[in-house]
Enquirer: 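There's a structure below that I have some questions on.
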Number of protein chains: 2
Amino acid sequence: MAAPSTDSTGPDPGGRRPTINDVAHAAQVSKKTVSRVINQVATVHPDMRARVERAIAELGFRPNPQARSLAFGRAFLLGLIYDNPSPTYVVNMQHGLLDGLRGTGMELVVHPCRHAAPTLLEEIREFVERQRLAGVVLLPPLSEDERVIALLRSIGCSYVRIAALALDEPGSMVTTNDHLGAAEAGDHLARLGHRRIALLRGPPSFRSCTVRGHGFIGALAAHGITLDPALDRDGAYTFESGVEAGHALLALADPPTAIFALNDDMAIGVMQAARERGLELPRDLSVVGFDDLPMAARVWPNLTSVRLPIRDMGQMAAEKLLARVNGVDPAALDQPAVCPALVLRQSAIALP
Amino acid sequence: MAAPSTDSTGPDPGGRRPTINDVAHAAQVSKKTVSRVINQVATVHPDMRARVERAIAELGFRPNPQARSLAFGRAFLLGLIYDNPSPTYVVNMQHGLLDGLRGTGMELVVHPCRHAAPTLLEEIREFVERQRLAGVVLLPPLSEDERVIALLRSIGCSYVRIAALALDEPGSMVTTNDHLGAAEAGDHLARLGHRRIALLRGPPSFRSCTVRGHGFIGALAAHGITLDPALDRDGAYTFESGVEAGHALLALADPPTAIFALNDDMAIGVMQAARERGLELPRDLSVVGFDDLPMAARVWPNLTSVRLPIRDMGQMAAEKLLARVNGVDPAALDQPAVCPALVLRQSAIALP
DNA sequence: CTGAAAGCGCTTACAG
DNA sequence: CTGAAAGCGCTTACAG
């Protein structure tokens, strides 16, 4: 009905989108040759390739991914599966993954889920199999669940997992080296003169807690400091658990002068507890967090925190997954190691 | 190589996934009839339908979306296009959209973009056309860009836009009624006894600013208060612009006793400025924000803020889009209006 | 209410 | 290095 007013790039044969047949006809070659050009098969004669590429450009041809998927046996889609509760983490990761997919014609399908759901495995299987995803990326803590990994292996789905330590072969992992960031935090507090330093962990089932804890304790040890078991506590990675643990720690007969919380939510909870107890921050208590949420730069005093290059990690994960999917050895990518960095702000200061 | 150890639901004819042909054969009907059952065509005889459904269940058959897409002319994918900088907003919206897609076999493909990019339109066109998306959802402020809407119309792509006011026919809109939330904020501050109340807006080009501003000014007027032009300022929806405007407002000869910032980032910036000027909060200044970010409940004093039911809005958007795509009249959905709500905390108190 | 044929736009064998 | 045939798993006309 509508006039052909769509300002499409190039001619519009018959009012519909050009197909591989239109290109083949325009370039005077078989559709198979066009297919070879699309799929970057090396054996096509340069002249022929040039002819086809010109026709593709002139017609504004873009291969139909559904048709390719059907013939190919799998979709040009990557899945992102996670139950990570941090919006900042998730969004940064999505951006990074899309950075890695740019120009490949692949798109990103998101799939948040609840780790505790009884139907978790069936749901993931359904998600992957129905759309015939080319591969999936798993975020922590879901990436630590070996049941999920076993499922993906059994259905032949390529994956890359992101986790605080190497849980898998390098080609299937982006390891975030959380211990390095935690060590930096420990080193920083020790250099500021603190000796009574508390560690507020997250849920013990999260691998990140163990890894970060080890890094922190190791750094203290390098300064001759042993973590007092009374100052080593489990939290729940929530603001409320930070408030609670903060009160408990500060109520001790010999309270800490500094607290390292394994995420920012808890660190900010600790700050709130300190304020509720009449302490002045940062004078009476130094606090360091982990994650460097946007909030860290907004609270008062601004929170010193460990930052992970989430977006870069996402890009690396996408690149690794693409390599696997395309049959390239991910080891050939030669990606740099992920380096957490301590962002210095005002919440941790030298002991007087 | 591997033994058939995959615990698939039902038999596995020939070691591959069952197709519509397997179902047709098992149920002793034509594949066209199976197709009718899959697509819920009403005219299938109940007996036949039951026979087919049993075969589907026994074989664990799930139609291949790529094949359906190819024959159907469009994918079973919805796109989410946005340049919204708030991770919380984006993630909540994604969850809501997925709530609305559950059980439909549709998946969500995400596409963040930069509004200012010169290639924006070409990029969106590429995204939509290449994957042959069934439809897209647009978040503010991108949803306010009529160039994008014109493009989508020209390529025949169904869309639903989310915006602070009705910019389109109801079937293509989820209107967030921001004026109601802003009015509640104004009413609240007036009832607390404030008369010198400032309004800190965002970028004037954002429709949300105009809409929220109107709602707020109207509510003040209902209490006989006229907004002093000196207390009506534009910000940039950033923390830094909040700090700056806070200083400017508090440096006035006759400073406000309360400030309503049109988002939380600016509201928290205002609080920081107040603290930098030696004011005690909330005693010396009441502040109200908009968005109810997680941060709002973490800062000190906790920020009173307007909350939008983002996730519900996402679900409504998905339902509307599905209705359009399936040729149903979205008006038949009878969805409730979106109601912003003021979340009362400690940052706004009565004037002594 | 049901079905046989043709087609959606690609790719995988298989020739040459 | 290139191509004609068959097929991926569905759906749309079109019959009956």
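Below, chains carry the letters A, B, ... as their sequence lines are ordered, and counting in each starts from 1.
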Enquirer: Counting side-chain heavy atoms from CB outward, which of C/dT11, D/dG9, C/dC1 is closest to A/Ile38?
Expert: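 Side chain of A/Ile38 sits closest to C/dT11.
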
Enquirer: What's the closest nucleotide to the A/Thr19 side chain, out of D/dT11, C/dC10, D/dA4?
Expert: C/dC10

Enquirer: Answer with base, sugar-phosphate or nothing: what part of the nucleic acid does B/Asn21 contact at a heavy-atom distance below 4.0 Å?
Expert: nothing

Enquirer: Check this for me: does the side-chain of B/Arg36 come within 3.5 Å of the base of C/dG3 through a donor and an acceptor?
Expert: yes

Enquirer: Let me know, please, whether A/Val29 or B/Phe72 comes out on the 5' side of the other along DNA chain D by nearest nucleotide.
Expert: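 The residue mapped nearer the 5' terminus is A/Val29.
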
Enquirer: Output yes when at least one side-chain N/O atom of B/Asn39 is less than 4.0 Å from OP1 or OP2 of D/dT11, else no.
Expert: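 Affirmative; the distance criterion is met.
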
Enquirer: Of the nucleotides D/dT2, C/dG3, D/dT11, which has the atom closest to the A/His45 side chain?
Expert: D/dT2

Enquirer: Which nucleotide wins on minimum distance to the side chain of B/Ala67, given the candidates D/dT2, D/dG3, D/dC10?
Expert: D/dC10

Enquirer: OP1 or OP2 of C/dT11 sitting under 4.0 Å from any side-chain N/O of A/Ser35?
Expert: yes

Enquirer: Rounded to the nearest Å, what distance is computed from the CG atom of residue A/Asn64 to the P atom of nucleotide D/dG9?
Expert: 17 Å

Enquirer: Calculate the interatomic distance between A/Phe76 atom CZ and C/dC10 atom P; express it in whole Å.
Expert: 11 Å

Enquirer: In terms of side-chain geometry, is the basic nitrogen of A/Arg153 or A/Asp168 positioned less than 4.0 Å from the acidic oxygen of its partner?
Expert: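 So A/Arg153 pairs with A/Asp168 through a salt bridge.
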
Enquirer: So which nucleotide does D/dA13 pair with, by the Watson-Crick or G-U wobble rule with both distances under 3.5 Å?
Expert: none

Enquirer: Picking from C/dT12, C/dG9, D/dG3, which would you name as closest to the side chain of A/Thr33?
Expert: D/dG3

Enquirer: Counting only heavy atoms not in B/His25 (residues, nucleotides, ligands), do more than 12 fall under 6.0 Å from its NE2?
Expert: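 Open: at most 12 neighbouring heavy atoms sit under 6.0 Å from NE2 of B/His25.
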
Enquirer: Given side-chain contact (heavy atoms from CB on, under 4.5 Å), test B/Met173 with B/Met316 step by step and report yes or no.
Expert: CA-CA 9 Å; B/Met173 280 292 314; B/Met316 290 167 64; over 6 Å; no

Enquirer: Closest nucleotide of DNA chain D for A/Gln28 versus for B/Val34: which of these residues is on the 5' side?
Expert: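 Result of the comparison: A/Gln28.
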
Enquirer: Could you state the atom-to-atom distance from CG of A/Leu70 to P of C/dT12 in whole Å?
Expert: 12 Å

Enquirer: Would you kindly give the CZ-to-P distance between A/Arg51 and D/dG3, to the nearest whole Å?
Expert: 8 Å

Enquirer: I'd like to know whether CD of B/Glu169 has more than 12 heavy-atom contacts from other residues, nucleotides or ligands below 6.0 angstrom.
Expert: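 Atom CD in B/Glu169 is crowded, with more than 12 foreign heavy atoms closer than 6.0 Å.
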
Enquirer: Report the distance from atom CZ of A/Arg74 to atom P of C/dC10, rounded to the nearest whole Å.
Expert: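 Those two atoms, CZ and P, are 17 Å apart.
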
Enquirer: Measure the distance from CD on B/Gln66 to C1' on C/dG9 and round it to the nearest whole Å.
Expert: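 Answer to the nearest Å: 13 Å.
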
Enquirer: Under a 4.0 Å N-O cut-off, is there an ion pair linking B/Glu126 with A/Arg62?
Expert: yes

Enquirer: Roughly, in whole Å, what's the span from NZ in B/Lys31 to P in C/dG3?
Expert: 13 Å

Enquirer: Rounded to the nearest Å, what distance is computed from the CD1 atom of residue B/Ile20 to the P atom of nucleotide D/dG9?
Expert: 11 Å

Enquirer: Using the side-chain contact (heavy atoms from CB on, under 4.5 Å) rule, take A/Asn64 and A/Thr19 through it: C-alpha gap first, then chi angles, then the decisive distance, then the call.
Expert: CA-CA 8 Å; A/Asn64 179 325; A/Thr19 71; over 6 Å; no

Enquirer: When both hydrogen-bonding distances must be under 3.5 Å and the geometry is Watson-Crick or G-U wobble, what is D/dA4 paired with, if anything?
Expert: none

